[in-house]
Amino acid sequence: MVSSLILRFFTSICFIAGFLFGAIGLSQLASDLRAQDRLGILKAKAWEITNQLTPDQLVGQVIHIAIPGKTVDEIAKDEIRKTYPGGIILFGKNLGKKPEIVSLTNDLQKEASQLGLPPFLISTDQEGGRVFRVRDGIIEYPGAMAVGQTGNPEWGRTVGFMTSYDLRKMGINFLFAPILDINNNPFNPVINTRSFGSDAKRVMSVALPYEEGARAGGALPVIKHFPGHGDTNVDSHLGLPIIQKTLEDLESLEMVPFKKAIENGAEAVMTAHIVYPKIDEKYPATLSKIFINDILRTKLKFQGIVITDAMEMNAISKNYANDKPGVLALRAGANIVLLTSWGETAKKFREQLKDAYANGELTETKEDGTKIDLLKQAVFLQILKKLELELFAPGTISNPLVLEFWANREKKREEQYLAYSGQNGFLKEITLDSIRSFPEALPGLGVDLGQSVSFCKQPALKKSLELGGIPSFPASQLKKQLARNEIKHYVFESSGEKDIQLIAKLAKAHPKKNFVLLHGGTPFYPLPLLPNLQYVLSFSFTNESWSALGTKVSGKQAIPKVDLTLVPENAKAPEKGAFPERL
């Protein structure tokens with residue numbers, strides 16, 4: 001009897017569980033089908049818009065250009081009317097106060113509409129830290145390396161969401177971040193603190209949630225620089241980096257975050273101007289069909305937008321100017337050729353693409369004889385993304401299924417923004433959590449309150465130290481303060497290698513005194529290792545970062561040890577490689 005009851009009970013539980021799991025499965029299936037229906041509707045509209053464009057307009061759509069000022073002046077209008085660009089990239093020179101930015105982006109979209117063009121993707125590099133274009137109307141978060149040091153996925157998601165949301169509200173809909181490069185080469189001159197870390201695990205733990213958050217925020221994030229720009233000692237703005245790694249090498253490290261981000265739903269990728277001779281001996285990744293089509297598109301199954309890094313960078317302009325780089329990029333599988341200028345450069349790229357299209361160079365024949373219009377395909381993917389971002393005028397899409405989805409998405413976005421903005425985007429908490437020490441964890445000096453003095457002048461830093469009980473003195477008082485036996489800790493600030501060497505010299509001269517150097521910005525200098533010298537690092541020059549340095553060092557809690565590959569003392573950077581003779 002008892003066993004029969006148990007059997008009945010167990011059967012009932014299994015039935016209920018099966019019903020629930022079945023219901024969940026059906027719900028997920030219905031959701032997936034709705035998503036497919038929405039995508040089908042948007043794809044059909046994207047092709048309709050693409051097929052209405054003239055050849056000149058199609059050519060222009062794959063080119064993104066810069067403009068000279070903070071308004072849509074006659075130069076900007078003339079360039080737009082000549083090029084028919086698909087997007088505009090904005091730099092610091094274009095970006096004033098928030099109302100000016102809103103006016104600029106609105107006027108740009110009006111210009112596109114008046115010319116009968118699809119709306120612009122309006123982009124900027126808003127990485128935080130070293131690369132911070134918009135200064136007004138947006139939270140000034142520390143850079144990627146600072147956020148990466150927290151190791152907190154939720155901080156990454158918060159920074160990505162808030163940055164994207166604030167940009168979108170100003171009309172900037174294309175965010176060139178996050179960087180997924182692993183800065184495993186401490187001599188890297190261009191990535192440096194722009195990276196989230198020195199290992200794949202840390203980069204993925206924070207950068208991938210950043211990308212997710214940015215997608216939810218409303219501006220389209222771009223993961224960069226594929227297949228990885230972290231292990232180079234050459235700045236591709238100035239020269240052509242050459243890395244002697246195999247595809248297996250890249251797949252085991254540099255490409256790991258990119259692969260995971262793509263699996264996670266990333267929708268846009270920027271390529272790197274780097275040559276990997278063991279994979280493609282002739283072309284850098286930006287111009288390489290092996291990298292974009294075979295690896296990124298086919299092997300990693302990426303179906304979104306591929307945008308080149310700026311084509312004026314010396315890596316391209318000094319080495320491939322005569323190879324029609326815009327044509328090579330599109331033939332390789334890119335959708336957007338990024339220019340950071342206008343005028344003659346835009347004209348040159350426009351003409352090379354126009355001639356290539358007329359000559360059939362942008363048409364590809366598949367094995368079954370099917371012909372693919374590479375230019376139209378590139379434009380289609382870009383327009384599809386503009387539709388998904390709701391950049392087109394209301395009424396362009398009228399399907400209730402899509403409109404309901406967009407309305408629910410916007411509702412969730414606003415709810416998320418209110419949750420974050422109530423805490424000022426958690427700026428203070430994130431910045432405090434990012435502070436690290438080197439070479440070992442450092443007990444906060446608050447445990448020895450009254451036995452520390454500082455010689456810091458940076459206003460936010462000085463204020464936070466004094467609030468924490470560490471008084472500041474001018475440099476003229478240094479000798480006097482060093483003579484005080486009751487003082488155990490001497491605190492200094494640093495923003496560069498010269499400051500580091502001066503304090504190290506002072507520490508050597510006074511081996512019985514303890515020195516603490518509060519360093520902003522990059523930590524990738526040779527850091528002298530002395531028993532009486534500790535470094536406290538912020539990786540960032542924002543006011544909040546300087547303030548956090550003072551707050552942490554004057555507190556009582558230990559400051560965690562940095563998790564990075566730093567430069568060994570007396571180390572020398574390897575020689576910069578020269579490009580091999582062209583064939």
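Between Phe161 and Tyr420, the two ring planes are perpendicular [angle over 60°; tilted spans 30° to 60°]. Using bins of under 30°, 30° to 60° and over 60° for the plane-to-plane angle, the ring pair His64/Phe174 lands in the perpendicular bin.
For Arg38 and Glu388, the salt-bridge test fails: no basic side-chain N is under 4.0 Å from an acidic carboxylate O. The pair Lys428-Asp433 does not meet the salt-bridge criterion, since no charged nitrogen lies less than 4.0 angstrom from a carboxylate oxygen. Using a cut-off of 4.0 Å between Lys/Arg side-chain N and Asp/Glu carboxylate O, Lys245 and Glu251 are scored as not salt-bridged. Comment: Arg157 engages Glu154 in a salt bridge, judged by a side-chain N to carboxylate O separation of less than 4.0 angstrom. With respect to Lys259 and Glu263, a salt bridge is recorded, a charged nitrogen being found less than 4.0 Å from a carboxylate O. Arg436 has no carboxylate O lying under 4.0 Å from a charged side-chain N of Asp563, or vice versa, which leaves the two without a salt bridge.
The shortest heavy-atom contact between Asp166 and Tyr417 is OD1-CE1, 3.8 Å. The two atoms that bring Ile559 and Ile435 nearest to each other are CG2-O, 3.7 Å, heavy atoms only. Residues Thr150 and Ile430 come closest through the heavy atom pair CG2-O, 3.9 Å. Val553 and Val516 make their closest contact through CG2-CG1, 3.9 Å (heavy atoms, listed as atom of the first residue, atom of the second, distance). Nearest approach of Ala214 to Ser164, heavy atoms of both residues: O-OG, 2.7 Å.
The side-chain heavy atoms of Gln61 and Pro118, taken from C-beta on, include a pair separated by under 4.5 Å. Inter-residue side-chain proximity for Leu287 and Ile316 is flagged as met; some heavy-atom pair is nearer than 4.5 Å. Side-chain contact check for Pro526 versus Glu497: some heavy-atom pair is nearer than 4.5 Å. Contact check for His519 versus Val536: no side-chain heavy atoms found under the 4.5 Å cut-off. Side-chain contact between Phe291 and Leu296 is absent, with no heavy atoms from C-beta onward closer than 4.5 Å. The shortest distance between side-chain heavy atoms of Phe132 and Thr542 does not fall below 4.5 Å. A heavy-atom distance below 4.5 Å is found between the side chains of Tyr535 and Pro528. Pro153 is not listed as a side-chain neighbour of Tyr210, based on a closest heavy-atom distance of 4.5 Å or more.
Under a 3.5 Å cut-off, the side chain of Thr370 and the backbone N or O of Lys366 do not form any donor-acceptor pair. Panel note: side chain Glu127, backbone Pro178; no donor-acceptor pair is recorded below 3.5 Å. Between the side chain of Lys386 and the backbone N or O of Pro119 there is at least one donor-acceptor pair closer than 3.5 Å. Judged by distance alone, the side chain of Arg331 and the main-chain N or O of Glu361 form a donor-acceptor pair under 3.5 Å. The main-chain N or O of Leu442 is never found under 3.5 Å from a side-chain atom of Gln534 such that the two would form a donor-acceptor pair. For the pair Ser538 (side chain) and Ser540 (backbone), a donor-acceptor distance under 3.5 Å is present. No donor-acceptor pair under 3.5 Å is formed between the side chain of Thr345 and the backbone N or O of Ser341. The backbone N or O of Ile67 sits less than 3.5 Å from a side-chain atom of Asn94, completing a donor-acceptor pair. At distances below 3.5 Å, at least one donor-acceptor pair connects side-chain atoms of Arg202 with backbone N or O atoms of Gln149. Side-chain atoms of His273 do not come within 3.5 Å of backbone N or O of Pro241 as any donor-acceptor pair.
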